[in-house]
Protein chains: 2
Amino acid sequence: MSEKKLRIGELARLVQVSQDTLRFYEKHGLLTPSLRSQAGYRLYSQADLERVGFILSAKRVGFTLNEIHDLLGLEVTKDDKSCEDVKRFVDEKLDNLNQRIGEMQRIQKTLKTLSDACCGGAEPATHCTILEALNAQAESGPIPRRLL
Amino acid sequence: MSEKKLRIGELARLVQVSQDTLRFYEKHGLLTPSLRSQAGYRLYSQADLERVGFILSAKRVGFTLNEIHDLLGLEVTKDDKSCEDVKRFVDEKLDNLNQRIGEMQRIQKTLKTLSDACCGGAEPATHCTILEALNAQAESGPIPRRLL
DNA sequence: TTAAACCCTAGAGTTAGGTCCAAAGTCAAC
DNA sequence: GTTGACTTTGGACCTAACTCTAGGGTTTAA
Ligand SMILES: [Zn+2]
Ligand SMILES: [Zn+2]
Ligand SMILES: [Zn+2]
Ligand SMILES: [Zn+2]
């Protein structure tokens, strides 16, 4: 019982990207289907499917395809690298990630504060607290610190 | 005592972007210096400085320039909009942000787990747990669920 | 009064990450 | 045995967000 292989269209539908994108990832060494059919059709395994998942996840959180490539490709040079090297690479990404999460949380707080302060009513937004805050600088005053 | 104005080079140095980038932001309506000198030099106010800060912050957390433009530009159409509209816009971004933060935290966990499991030693990484995990799929096994 | 270090505009070029053909082969079903 | 939905390749094209170049004006300090 060999596992079910997916053709490119099926995989594309499954993970919600275009076939072109999958071929693009292949061209850039991120995802090579584990098999081809007689006719040359790409056949993707479950492992390939999960790999796409990883790629898309990493992409959504802001890794570039190059970084993802490096992450996935660490093993190619494994004989030249020490555990120390590999760990450093991952830890670097991790630091980066932590910083970005922190920044996002700050912006989140800002937006939340703004949103909470707005009445959300149906009348024209001429008095809207959100607009006032965002717009403070247009009146030549500084943007309130809580916005930054 | 009018406030100190910055020329483009000073501002660029201060916020660590190129002068071209500042001019680019201007061309796209994100940041218009509040004043020009006799000679046509851009003069940026403290408010302008803070606006750049906001732009860069928002950018770092993954807003596109278009989104930032919309955020900053809400007030232009304020007479056509209700508080409800404005609040909805912000809440939408907020949802988006929350989702992305969640995803980043998942990846963070993954990387942390990997990093913690690696010995970090100086010997060749042929046995490295990180590489084994990332590479599980290359041996046709699935990537461990904790990686996704 | 001239050299160095700034600034201006317009417009071309670049990179990442796709997206869209065109021409042709393949496979299932009717 | 042909229609229709799939697939292949190669290459042109696209958008976002810069980045660079050319050709010129300005400011300041020696
Ligand atoms: Zn209101
Ligand atoms: Zn409001
Ligand atoms: Zn080790
Ligand atoms: Zn290791």
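Below, read A as the first sequence line, B as the second, and so on, with proteins coming before strands; counting in each chain starts at 1. In this text, all values refer to a predicted model and were calculated from it rather than measured experimentally.
One atom, NE2 of B:H28, and another, C1' of D:dT15, lie 11 Å apart when rounded to the nearest Å. To the nearest angstrom, P of C:dC8 lies 13 Å from CG of B:L35. Across the protein-nucleic acid pair, B:L31 atom CG and D:dC18 atom P stand 13 Å apart, rounded to whole Å. If you measure from atom CG of A:L43 to atom C1' of D:dT7, you get 11 Å, rounded to the nearest angstrom. Atoms CG (A:N66) and P (C:dT15) sit 12 Å apart, rounded to a whole Å. With rounding to whole Å, B:K27 atom NZ is found 8 Å from C:dG11 atom C1'. Distance CD1 (B:I55) to C1' (D:dC18): 14 Å, rounded to an integer number of Å. One interatomic measurement links the two molecules: CZ of B:F24 to C1' of C:dT15, which rounds to 13 Å at whole-angstrom precision.
An OP1 or OP2 oxygen of D:dT7 is reached within less than 4.0 angstrom by a side-chain nitrogen or oxygen of A:Q19. For the pair A:R23 and D:dT8, the criterion of a side-chain N or O lying under 4.0 Å from OP1 or OP2 is met. Residue B:R42 has a polar side-chain atom (N or O) positioned under 4.0 Å from OP1 or OP2 of C:dT9. For A:Y25 and C:dG17, the shortest distance from a side-chain N or O to OP1 or OP2 is not below 4.0 Å. In terms of phosphate contacts, A:K59 brings a side-chain nitrogen or oxygen within less than 4.0 Å of OP1 or OP2 of C:dG18. The side chain of A:R36 contributes an N or O atom lying less than 4.0 Å from OP1 or OP2 of D:dT9.
Ranked by how close their nearest DNA chain D nucleotide is to the 5' end, B:D20 and A:A39 are led by A:A39. Sequence order on DNA chain C of the closest nucleotides to A:Y41 and A:T21 puts A:T21 first from the 5' end.
Between B:R51 and B:E26, no side-chain nitrogen of the basic residue sits less than 4.0 Å from a carboxylate oxygen of the acidic one, so the salt-bridge criterion is not met. Ion pairing between a basic and an acidic side chain is recognised when a charged N comes within 4.0 Å of a carboxylate O; B:R88 and B:D91 show no such pairing.
A continuous path of Ile, Leu, Val, Met, Phe, Trp and Tyr side chains, each step under 4.5 Å between heavy atoms, connects A:L56 with A:L49, placing both in one hydrophobic cluster.
A heavy atom closer than 4.0 Å to some atom of DNA chain D occurs in no member of residues 6-14 of chain B.
The residue from A:K93, A:E92, A:R100, A:Q99 that alone fulfils the side-chain hydrogen bond (donor to acceptor under 3.5 Å, both in side chains) condition with A:N96 is A:R100.
Taking 4.5 Å as the limit, every side-chain heavy atom of A:Y25 sits out of range of all side-chain heavy atoms of A:V17. Considering only heavy atoms from C-beta on, A:I101 comes within 4.5 Å of B:Q105 through its side chain.
Within 4.0 Å (heavy atoms only), B:S37 reaches no atom of the nucleic acid at all.
Atom CD of A:E10 is surrounded by more than 12 heavy atoms from other residues, nucleotides or ligands within 6.0 Å.
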